[in-house]
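The structure appears below as structure tokens.
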Amino acid sequence: MNLQRPDADFYHRDCLIVAPELIGKILVHRLPDGTELRERITQTEAYRGEEDKACHASRGRTKRSEMLYHESGTIYVYLCYGIHWMMNIITGEPEQPQGVLIRAGEIHPSPARLTKYLQIDKTYNGQNILQNPDLWIEDDGIVCNWHTEKRVGIDYAGDEWKNKYWRWVMD
DNA sequence: TTAGTGATATCC
DNA sequence: GATATCACTAAA
């Protein structure tokens, strides 16, 4: 098997390019006891810039949205509804807030269940996925077909932004 | 359909 | 300091 890991150039592109390319890749988390949890990504969503009303950076740079402005490969994890951890990977240029939400995996088809299984929480917020020895993306060469849909759970963002087909789903 | 849950942003 | 909001899930 020919395993590769996406490098800095992979993430250093627009989120609209990176999001579909993450489909089919495998997210791996190695626990302190050596156990490796892995899950193939089946769904992603792009959040792009301060003008994207659905993006956490739409209200400017805050303590929470800070990570969106960091260099590509930075991991952005935040707590939603008091219970659920959401994991994003930052893409594109620094200072241009954008990222890709890991929305679902093969076994755990929702963002919160995925992070729960992989045991990803705020301790990873702000770390770089290219530099953390215990968390990485693997490419086993499988190419998947996908289609796009509207993003979910962002009714507050207004018609222009909530109707964008910025969600990628594996077929 | 609705409760659960708590950090964050925004308003006094 | 107080309140409203929220990129969700599970149970009913």
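The model shown is predicted, which means the values in this text are computed figures rather than measured ones. In what follows, every chain begins at residue 1, and chains take the letters A, B, ... in the order their sequences are listed.
- Comparing Val152(A) and Lys116(A) by the nucleotide of DNA chain C whose heavy atom lies nearest to each, the residue mapping closer to the 5' end is Val152(A).
- Which of dA9(B), dC8(C), dA7(C) sits closest to the side chain of His56(A) comes down to dA7(C).
- Salt bridge present: Glu45(A) and Arg103(A) bring a charged side-chain N and a carboxylate O closer than 4.0 Å.
- The side chain of Tyr78(A) places no N or O atom within less than 4.0 Å of a non-bridging phosphate oxygen (OP1 or OP2) of dC6(C).
- Using a 4.5 Å heavy-atom cutoff, the side chains of Leu79(A) and Trp85(A) are in contact.
- One interatomic measurement links the two molecules: CZ of Arg59(A) to P of dC11(B), which rounds to 10 Å at whole-angstrom precision.
- Side-chain N/O atoms of Glu21(A) and Tyr11(A) include no donor and acceptor closer than 3.5 Å.
- Between Tyr117(A) and His108(A), the ring planes are parallel. Angles under 30° get that label, and only those over 60° would be called perpendicular.
- Across all strands, Ile154(A) comes closer than 4.0 Å only to sugar-phosphate atoms, never to a base (heavy-atom distances).
- Ion pair Glu95(A)/Arg61(A) flagged as a salt bridge, since at least one NZ, NE, NH1 or NH2 atom sits closer than 4.0 Å to an Asp/Glu carboxylate oxygen.
- Between Tyr81(A) and His84(A), the ring-plane angle classifies as perpendicular under the 30° and 60° cut-offs.
- Among the atoms of the strands shown, only primed sugar atoms or phosphate atoms (P, OP1, OP2) are found under 4.0 Å from some heavy atom of Arg113(A).
- The separation between Asp155(A) atom CG and dC8(C) atom P is 10 Å, rounded to whole Å.
- Going from atom CZ of Arg64(A) over to atom P of dG6(B) covers 17 Å, rounded to whole Å.
- Using a 4.0 Å heavy-atom distance criterion, Ala112(A) is classed as a sugar-phosphate-only contact.
- Pairing for dA7(C) is absent, with no Watson-Crick or G-U wobble pair whose two atom distances lie under 3.5 Å.
- Taking 4.0 angstrom as the limit, Arg103(A) places none of its side-chain polar atoms (N or O) nearer than this to OP1 or OP2 of dA7(C).
- As a whole-Å value, the separation of Arg151(A) CZ from dA7(C) C1' is 9 Å.
- Here the P atom of nucleotide dA7(C) and the CD atom of Glu149(A) are 19 Å apart, to the nearest Å.
- Here dA7(C) is the nucleotide among dA9(B), dA7(B), dA7(C) with the atom lying nearest to any side-chain atom of Leu101(A).
- With dG4(B), dA9(B), dC8(C) as the choices, the nucleotide that has an atom nearest any side-chain atom of Ile83(A) turns out to be dG4(B).
- Among the nucleotides dC6(C), dT8(B), dA7(B), the one closest to the side chain of Leu79(A) is dA7(B).
- Pairing for dT5(B) is absent, judged as Watson-Crick or G-U wobble with the two contacts each under 3.5 Å.
- Rounded to whole Å, atom C1' of dA7(B) lies 14 Å from atom NE2 of His84(A).
- Nucleotide dT5(B) holds its C1' atom 16 Å from the CG atom of Asp121(A), rounded to whole Å.
- Stacking annotation: Tyr47(A) is stacked on the base of dA7(C) (ring centroids less than 5.5 angstrom apart, interplanar angle below 30 degrees).
- Rounded to whole Å, atom P of dG6(B) lies 19 Å from atom CG of Asn125(A).
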